[in-house]
Amino acid sequence: MKKAVFPGSFDPVTRGHMDLIARSANMFDELLIAVLVNIGKMPLFSVEERVEMLTVLTKQLPNVTVKSFDGLLADFVEQEQADAIIRGLRNTTDFEYEMALAQNNYKLNTRADTVFLATAPEYSYISSSGIKEIYRFGGSIEEMVPELIFHRLQSKNV
Ligand code: PNS
């Protein structure tokens, strides 16, 4: 039984995230989505809200679960006995950051290798930070997020 962890801030969850979740759930026996408790950041959605929304969004995928974590990902991977860490790559800017992250994690704990998935081309322009900025200034983000997130965003005062 191979178990992967897909860590991230997911603030908010994007269509790109959902695509990666579906694809990696197909590749592993178990997929655990790990929502970072962002200490020091002012997230748009609380960690509880993000976990709840991801749980609703993945209810059709029987091998997917959602939890929050804080501290080191390498420690979480150990605690969860995971075999792999999933991360998406959109472009070369991601590559530099993701390579450093993967190598740091490997240095801290060799039990879980990082598996990079190439973001589907139609989602490679989407980022959670971009969505927040566009939304704050009244731009349309409907095509970038799952419908549930779009509706939940309407109730946020940003
Ligand atoms: O969605 P994000 O914000 O790009 O995800 C980043 C995340 C959560 C994968 C990363 O910040 C992380 O793993 N944070 C936990 C602390 C840690 O283990 N850092 C890596 C050592 S450099």
Side-chain angles (χ1 to χ4, degrees), residues 2-25 27-28 30-58 61 64-136 141 144-146 148-150 152-153 156 158:
K2 291 290 180 192
K3 176 174 177 176
V5 166
F6 180 25
S9 302
F10 303 105
D11 188 43
V13 181
T14 69
R15 291 197 186 205
H17 289 136
M18 293 311 296
D19 181 54
L20 292 173
I21 290 168
R23 287 159 60 195
S24 44
M27 292 168 61
F28 289 89
E30 276 181 68
L31 179 69
L32 172 56
I33 303 172
V35 181
L36 178 70
V37 178
N38 313 52
I39 307 155
K41 271 196 190 176
M42 262 295 286
L44 178 58
F45 289 107
S46 71
V47 71
E48 293 79 15
E49 287 174 313
R50 284 177 273 152
V51 168
E52 185 267 328
M53 289 185 286
L54 277 161
T55 304
V56 173
L57 287 166
T58 56
L61 300 170
V64 176
T65 50
V66 189
K67 283 185 184 175
S68 62
F69 81 105
D70 58 14
L72 287 175
L73 179 60
D75 293 338
F76 185 71
V77 156
E78 188 65 39
Q79 183 191 312
E80 293 294 335
Q81 296 289 287
D83 306 289
I85 297 166
I86 303 291
R87 293 290 288 173
L89 282 180
R90 290 169 297 194
N91 48 46
T92 52
T93 309
D94 272 0
F95 179 79
E96 290 203 7
Y97 170 74
E98 293 299 335
M99 195 67 179
L101 192 66
Q103 288 176 331
N104 276 293
N105 282 329
Y106 190 76
K107 196 77 188 164
L108 291 169
N109 189 349
T110 53
R111 73 157 293 127
D113 257 309
T114 297
V115 175
F116 293 122
L117 296 186
T119 301
E122 62 268 40
Y123 303 128
S124 62
Y125 73 99
I126 300 175
S127 71
S128 294
S129 53
I131 288 170
K132 281 185 274 198
E133 185 150 326
I134 294 166
Y135 187 69
R136 273 195 187 104
I141 48 98
M144 303 177 196
V145 293
L148 171 79
I149 307 295
F150 181 71
R152 296 287 178 94
L153 268 167
K156 287 276 161 193
V158 290

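Just so you know, ligand 1 is whichever comes first in the structure, and atom 1 is the first atom listed for that ligand.
For atom 7 (C) of ligand 1, the closest non-hydrogen atom of the protein is R87 NH1, 4.3 Å. Looking from atom 1 (O) of ligand 1 to the surrounding protein, the closest heavy atom is S9 N, 3.0 Å. Ranking protein heavy atoms by distance to atom 12 (C) of ligand 1, first place goes to F69 CZ, 4.5 Å.
The atoms of ligand 1 that sit less than 4.0 Å from any heavy atom of G71 are 15 (C), 16 (C).
Here CG of D11 is found 9.0 Å from CD of E49. Values are rounded to the nearest 0.5 Å.
The minimum heavy-atom distance linking G88 with L20 is given by the pair CA-CD1, 3.7 Å. Pairing each heavy atom of A74 with each of N109, the nearest pair is O-ND2, 3.0 Å. Nearest approach of R50 to F45, heavy atoms of both residues: NE-O, 2.9 Å.
Contacts with ligand 1 closer than 4.0 Å are made by side-chain heavy atoms of L36 only, the backbone lying farther away.
In terms of polar-atom proximity, defined here as any N/O pair under 3.5 Å, N104 makes no such contact with ligand 1.
Of the candidates V5, L31, I21, I86 forms a side-chain contact (heavy atoms from CB on, under 4.5 Å) with just one, namely L31.
Nearest residue to atom 17 (C) of ligand 1 from N38, L73, L101 is L73 (criterion: closest heavy atom).
Judged by distance alone, the side chain of D83 and the main-chain N or O of K3 form a donor-acceptor pair under 3.5 Å.
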